[in-house]
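To keep things clear, I will list the structure first and then write my remarks on it.
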Amino acid sequence: MISRIWHGWTTPQDADTYEAMLRAEILPGIQRVSGYRGAYLLRRDAREVEFVTITLFDDLEAVRRF
């Protein structure tokens with residue numbers, strides 16, 4: 001199994017919209033990739049809001065398909 005980690009930052013004013021887009025559009029779209037096994041979305045509120053997405057794949061070929 002391979003875990004892919006991605007970080008993103010946004011302003012506190014845009015954070016809820018950003019999270020909604022990730023949950024409604026980006027993460028569901030990844031489910032179509034063969035070998036995708038799930039994801040975790042983490043959020044840390046500070047001066048900026050940090051999002052960490054950990055996606056899980058069967059192998060490197062699945063990551064390439066993504």
Side-chain angles (χ1 to χ4, degrees):
M1 179 160 308
I2 294 177
S3 297
R4 183 178 177 273
I5 300 173
W6 177 86
H7 295 261
W9 293 265
T10 190
T11 63
Q13 300 91 320
D14 293 334
D16 290 340
T17 302
Y18 189 79
E19 182 175 358
M21 184 265 311
L22 286 170
R23 290 188 184 279
E25 297 176 31
I26 304 301
L27 294 176
I30 298 172
Q31 293 177 6
R32 292 187 288 256
V33 175
S34 175
Y36 169 75
R37 294 295 169 225
Y40 298 96
L41 178 60
L42 310 173
R43 176 178 171 161
R44 182 173 65 102
D45 292 331
R47 189 173 5 183
E48 289 185 311
V49 179
E50 178 184 15
F51 289 91
V52 177
T53 304
I54 304 168
T55 49
L56 307 172
F57 298 91
D58 283 338
D59 52 33
L60 190 53
E61 287 304 313
V63 174
R64 288 185 180 123
R65 284 190 294 272
F66 166 66

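Note: hydrogens, waters and symmetry copies are ignored here, and every other heavy atom, side chains too, is used. Just so it is clear, the model here is predicted, and its values are computed rather than measured.
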- [ ] Could you note down all residue pairs passing salt bridge (charged side-chain N to carboxylate O under 4.0 Å, His left out) where residues 50-61 supplies at least one of them, sequence neighbours left out?
- [x]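 Listed once each, the pairs are Arg37-Asp58, Arg44-Glu50, Glu61-Arg64.
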TODO: Sorted by first residue and then second, give each salt bridge (charged side-chain N to carboxylate O under 4.0 Å, His left out) pair with at least one member in residues 16-36; sequence neighbours left out.
DONE: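 Of all non-adjacent pairs touching residues 16-36, those that pass salt bridge (charged side-chain N to carboxylate O under 4.0 Å, His left out) are Asp16-Arg43, Glu19-Arg23, Glu19-Arg43.
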TODO: Please name all residues satisfying ring pair (Phe, Tyr, Trp, His ring centres under 6.0 Å) with Trp9, sequence neighbours left out, ordered by chain then number.
DONE: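 Ring pair (Phe, Tyr, Trp, His ring centres under 6.0 Å) list for Trp9, sorted by chain: His7.
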Open item on the list: In the structure I gave you, are the side-chain heavy atoms of Thr55 and Trp6 within less than 4.5 Å of one another anywhere?
Closed with: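 A side-chain contact under 4.5 Å is absent here.
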Open item on the list: Would you say that Leu27 contacts Thr53 through its side chain, given a criterion of any heavy-atom pair below 4.5 Å between the two side chains?
Closed with: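 When only atoms from C-beta onward are counted, Thr53 and Leu27 do touch, with a gap below 4.5 Å.
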TODO: Could you tell me which non-hydrogen atom of Pro12 sits nearest to which non-hydrogen atom of Ala46, and how far apart they are?
DONE: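 Heavy-atom minimum between the residues: CG-O, 4.2 Å.
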Open item on the list: For a quick test of reading the model, state the closest non-hydrogen atom pair linking Val49 to Ala15 and the distance between them.
Closed with: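 So the minimum-distance heavy-atom pair works out to CG2-CB, 3.7 Å.
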Quick one: side-chain contact (heavy atoms from CB on, under 4.5 Å) partners of [X], sequence neighbours excluded?
X: Ile54; value: Ser3, Ile5, Tyr40, Leu42, Val52, Leu56
X: Thr11; value: Gln13, Asp14
X: Phe66; value: Arg4, Ile30, Val33, Phe57

